[in-house]
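Here the structure comes first, spelled out in structure tokens, and everything after it is commentary.
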Amino acid sequence: MDKIKEKMNSLRVEADNAVQRAETAESKSKQLEQELYSKDQDITSLSHRVTILEAELEKAEAKISVLKSSSEDSELSKTTSENLARKVALLEEELDAAEKNVKETMEKLRQVDVKAEHFERQVQRIEQERDDWEKKYEDMQAKYKASQAELDDLVKSMETI
């Protein structure tokens with residue numbers, strides 16, 4: 001009888017531990033999902049910025065070509081072309097930096113996605129383990145009740161003797 005109680009207490013402790021591990025894994029999963037959402041927003045923002053910079057680059061290149069064709073000989077045109085060329089160079093550098101940032105963010109996103117999948121698998125495994133323990137507990141509870149009923153019957157039969 002004491003062994004059954006000890007076993008049931010042990011099963012309860014193990015079930016509580018499994019539930020606690022599952023809650024911890026779910027918390028980590030939610031945190032990673034939030035990070036993933038944040039990275040998605042960063043990617044969207046950077047993509048929009050890249051589009052804007054590309055449009056500005058195209059405008060600057062168009063201005064350079066118009067100014068070159070209209071007045072290559074004038075000093076004003078030369079100065080403006082140089083300024084625009086510097087601006088194009090700066091825009092190209094910004095574009096390169098933005099593209100590098102997008103690539104890094106995409107890599108981080110992939111890593112976060114892999115981690116999220118890993119934690120999801122862990123959560124599923126822990127939930128399955130918890131379900132198994134609950135089933136074992138229910139089986140043990142049924143066996144205990146059957147044993148208790150059998151013991152009661154035995155006591156009654158002994159009392160009649």
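Please read these numbers as outputs of a predicted model, since none were measured by experiment.
Rounded to the nearest 0.5 angstrom, D113 CG and E120 CD are separated by 8.0 Å. For the atom pair F119 CZ and K30 NZ, the distance stands at 15.0 Å (nearest 0.5 Å). With values rounded to the nearest 0.5 angstrom, K63 atom NZ is found 6.0 Å from K87 atom NZ. With rounding to the nearest 0.5 angstrom, the NZ atom of K3 is 14.0 Å from the OG atom of S10.
When every heavy atom of K39 is checked against every heavy atom of T105, the shortest pair comes out as O-CG2, 4.0 Å. Residues A85 and I64 come closest through the heavy atom pair N-CD1, 3.8 Å. Considering every non-hydrogen atom in both E56 and L91, the closest pair reads OE1-CD2, 3.6 Å.
Note on L90: it does not cluster hydrophobically with L57, by side-chain heavy-atom contacts below 4.5 Å among ILVMFWY residues. In the hydrophobic clustering of ILVMFWY residues, with side-chain heavy atoms under 4.5 Å counting as a link, M106 and L46 come out together. The hydrophobic cluster containing L84 also contains L95, counting ILVMFWY residues as joined when their side-chain heavy atoms lie under 4.5 angstrom apart, directly or transitively. L36 and V123 fall into different hydrophobic clusters, where Ile, Leu, Val, Met, Phe, Trp and Tyr are joined by side-chain heavy atoms under 4.5 Å apart, directly or via other members. L32 is not connected to I126 by any chain of hydrophobic side-chain contacts under 4.5 Å among Ile, Leu, Val, Met, Phe, Trp and Tyr, and they are in different clusters.
No side-chain donor-acceptor contact under 3.5 Å links S38 to the backbone of Q34. Judged by distance alone, the side chain of S45 and the main-chain N or O of D42 form no donor-acceptor pair under 3.5 Å.
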Only pairs under 3.5 Å count here: list side-chain donor-acceptor contacts from residues 17-25, not counting sequence neighbours, and write none if there are none.
residue : atom : partner : partner atom : Å
N17     : ND2  : V13     : O            : 3.4
R21     : NH2  : E129    : OE2          : 2.5
T24     : OG1  : Q20     : O            : 3.0

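Side-chain contact between E107 and K103 is absent, with no heavy atoms from C-beta onward closer than 4.5 Å. A 4.5 Å side-chain heavy-atom check between V114 and H118 finds every atom pair outside the cut-off. The side-chain heavy atoms of D153 and E150, taken from C-beta on, include no pair separated by under 4.5 Å. In this structure the side chain of K115 never reaches within 4.5 angstrom of the side chain of K28, judged on heavy atoms.
In summary, the side chains of Y37 and E33 do not present any donor paired with an acceptor at a separation below 3.5 Å, with no hydrogens or angles considered.
Taking a 6.0 Å sphere around CD of Q41, one finds it holds more than 12 heavy atoms contributed by other residues, nucleotides or ligands.
None of Q141, K135, K136 except one satisfies the side chain to side chain contact (heavy atoms under 4.5 Å, CB included) rule with D139; the exception is K135.
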Exercise. Does the pair E35 and K108 meet the rule for a side chain to side chain contact (heavy atoms under 4.5 Å, CB included), with working shown?
Worked result: CA-CA 10 Å; E35 288 178 15; K108 288 178 183 177; over 6 Å; no

For this session: Test side chain to side chain contact (heavy atoms under 4.5 Å, CB included) on Q128 and D132 and set out the steps.
Result: CA-CA 6 Å; Q128 180 63 41; D132 292 344; 3.0 Å; yes

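Listed by chain and residue number, nothing satisfies the side-chain hydrogen bond (donor to acceptor under 3.5 Å, both in side chains) test with R125 (two or more places apart in sequence, or in another chain). Considering only residues two or more places apart in sequence or on other chains, N9 meets the side-chain hydrogen bond (donor to acceptor under 3.5 Å, both in side chains) condition with R12.
Looking at E134 and R130, a side-chain N of the basic residue comes within less than 4.0 Å of a carboxylate O on the acidic one, giving a salt bridge.
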